[in-house]
Amino acid sequence: QVQLVESGGGLVQPDGSLRLSCAASGFALDFYTIGWFRQAPGKEREGVSCISSDFSTYYADSVKGRFTISRDNVKNTVYLQLNSLKPEDTAVYYCATDCTPVVVAGTLKLESDFGPWGQGTQVTVSS
């Protein structure tokens with residue numbers, strides 16, 4: 001069965017850290033650009049970060065300098081290190097095998113036609 005499974009979320013205080021994992025099964029993600037997306041209650045899903053097959057990385061302005069994406073093709077897993085977390089980072093985080101960087105009005109947006117989405121992993125930043 002081909003699927004992506006997200007894990008690693010949790011409740012953390014502001015300025016805390018988490019590491020999210022996106023594990024692929026049923027296929028090798030070596031040749032895919034993998035993206036992390038998030039959706040907060042009442043908001044649209046937004047792109048957070050992408051990593052291409054050649055290890056190029058892209059970040060939304062809101063997380064640049066705080067989040068780090070990486071991949072381990074041997075473990076068939078992509079990671080997202082979340083540091084200096086803020087309450088506005090609270091959301092369900094999803095990964096996808098499709099992520100396209102697009103510049104819109106001078107701002108980098110990360111878009112995806114991926115679907116269906118998995119269950120994601122909840123990140124809650126609160127004191």
Side-chain angles (χ1 to χ4, degrees):
Q1 184 178 2
V2 175
Q3 63 177 350
L4 295 171
V5 178
E6 304 92 344
S7 63
L11 172 63
V12 63
Q13 293 186 340
D15 292 326
S17 298
L18 286 171
R19 189 176 81 155
L20 308 184
S21 298
C22 170
S25 62
F27 73 102
L29 52 70
D30 304 42
F31 301 108
Y32 288 88
T33 292
I34 304 297
W36 281 99
F37 296 79
R38 67 185 181 186
Q39 188 166 22
K43 295 187 177 181
E44 293 188 354
R45 185 176 284 122
E46 63 172 350
V48 175
S49 182
C50 304
I51 185 166
S52 68
S53 58
D54 67 358
F55 293 83
S56 296
T57 58
Y58 305 88
Y59 297 93
D61 287 346
S62 59
V63 305
K64 197 174 297 181
R66 300 188 297 120
F67 292 6
T68 303
I69 192 170
S70 61
R71 65 192 300 159
D72 185 333
N73 290 339
V74 174
K75 294 184 178 180
N76 220 25
T77 301
V78 171
Y79 304 97
L80 187 67
Q81 179 68 39
L82 287 61
N83 295 331
S84 303
L85 281 161
K86 304 175 181 180
E88 51 263 44
D89 294 318
T90 295
V92 179
Y93 284 69
Y94 304 88
C95 59
T97 55
D98 173 47
C99 185
T100 303
V102 177
V103 177
V104 178
T107 300
L108 179 68
K109 301 291 185 184
L110 303 175
E111 300 182 348
S112 177
D113 291 325
F114 183 78
W117 296 86
Q119 292 192 340
T121 186
Q122 175 72 48
V123 172
T124 303
V125 184
S126 175
S127 55

| field | F55 and N73, any side-chain heavy atoms less than 4.5 Å apart | value |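 SC-SC contact between N73 and F55 confirmed.
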| Min side-chain heavy-atom separation R38-V63 under 4.5 Å |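 A side-chain contact under 4.5 Å exists here.
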| task | Before accepting this row, confirm whether a basic side-chain N of the pair D89/K86 lies closer than 4.0 Å to the acidic partner's carboxylate O. | result |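 Result for this pair is no, no salt bridge flagged.
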Give a yes or no answer on whether the side chain of [X] reaches the backbone of [Y] with a donor-acceptor pair at less than 3.5 Å.
X    : Y   : result
N76  : L29 : yes
R71  : T33 : no
E6   : C95 : yes
T124 : T90 : no

| said: Filter on ring-ring contact (aromatic ring centres under 6.0 Å, His included), then keep only pairs touching residues 74-95, sequence neighbours left out; what's left? | reply: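 The answer is Y94-W117.
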Find the distance between [atom1] ([X]) and [atom2] ([Y]) and round it off to the nearest 0.5 Å.
X    : Y   : atom1 : atom2 : result
E111 : F37 : CD    : CZ    : 8.5 Å
W36  : S49 : CH2   : OG    : 10.0 Å
C50  : L80 : SG    : CG    : 10.5 Å

| message | Using the ring-ring contact (aromatic ring centres under 6.0 Å, His included) criterion, which residues pair with Y59? Sequence neighbours excluded. | response |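 Per chain and number, Y59 pairs via ring-ring contact (aromatic ring centres under 6.0 Å, His included) with no residue.
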Side-chain heavy atoms nearer than 4.5 Å, only ILVMFWY residues, links allowed to pass through others: does that put [X] and [Y] together?
X    : Y    : answer
Y32  : L20  : yes
I34  : L108 : no
L82  : V92  : yes
V123 : L110 : no
F114 : V2   : yes

| message | If we count only N and O atoms by modelled type, under 3.5 Å, do the side chains of D98 and S112 hold a donor and an acceptor together? | response |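 Distance-only check passes for D98 and S112.
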| field | Qualifying residue, where the test is side-chain contact (heavy atoms from CB on, under 4.5 Å) with F67 and the options are T57, N83, L85 | value |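 Exactly one candidate clears the test, L85.
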| Is D61 atom CG crowded by more than 12 heavy atoms from other residues, nucleotides or ligands, each under 6.0 Å away? |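 More than 12 within 6.0 Å, yes.
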| message | For Q119, is the CD atom crowded, meaning more than 12 foreign heavy atoms sit under 6.0 Å from it? | response |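 12 or below, so no.
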| field | Non-hydrogen atoms of Q81 and S17 that approach each other most closely | value |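 Looking at all heavy atoms of both residues, the closest pair is NE2-CB, 3.9 Å.
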| Nearest heavy atoms of C99 and G35, plus distance in Å |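 Shortest heavy-atom separation between C99 and G35 comes out as CB-CA, 3.8 Å.
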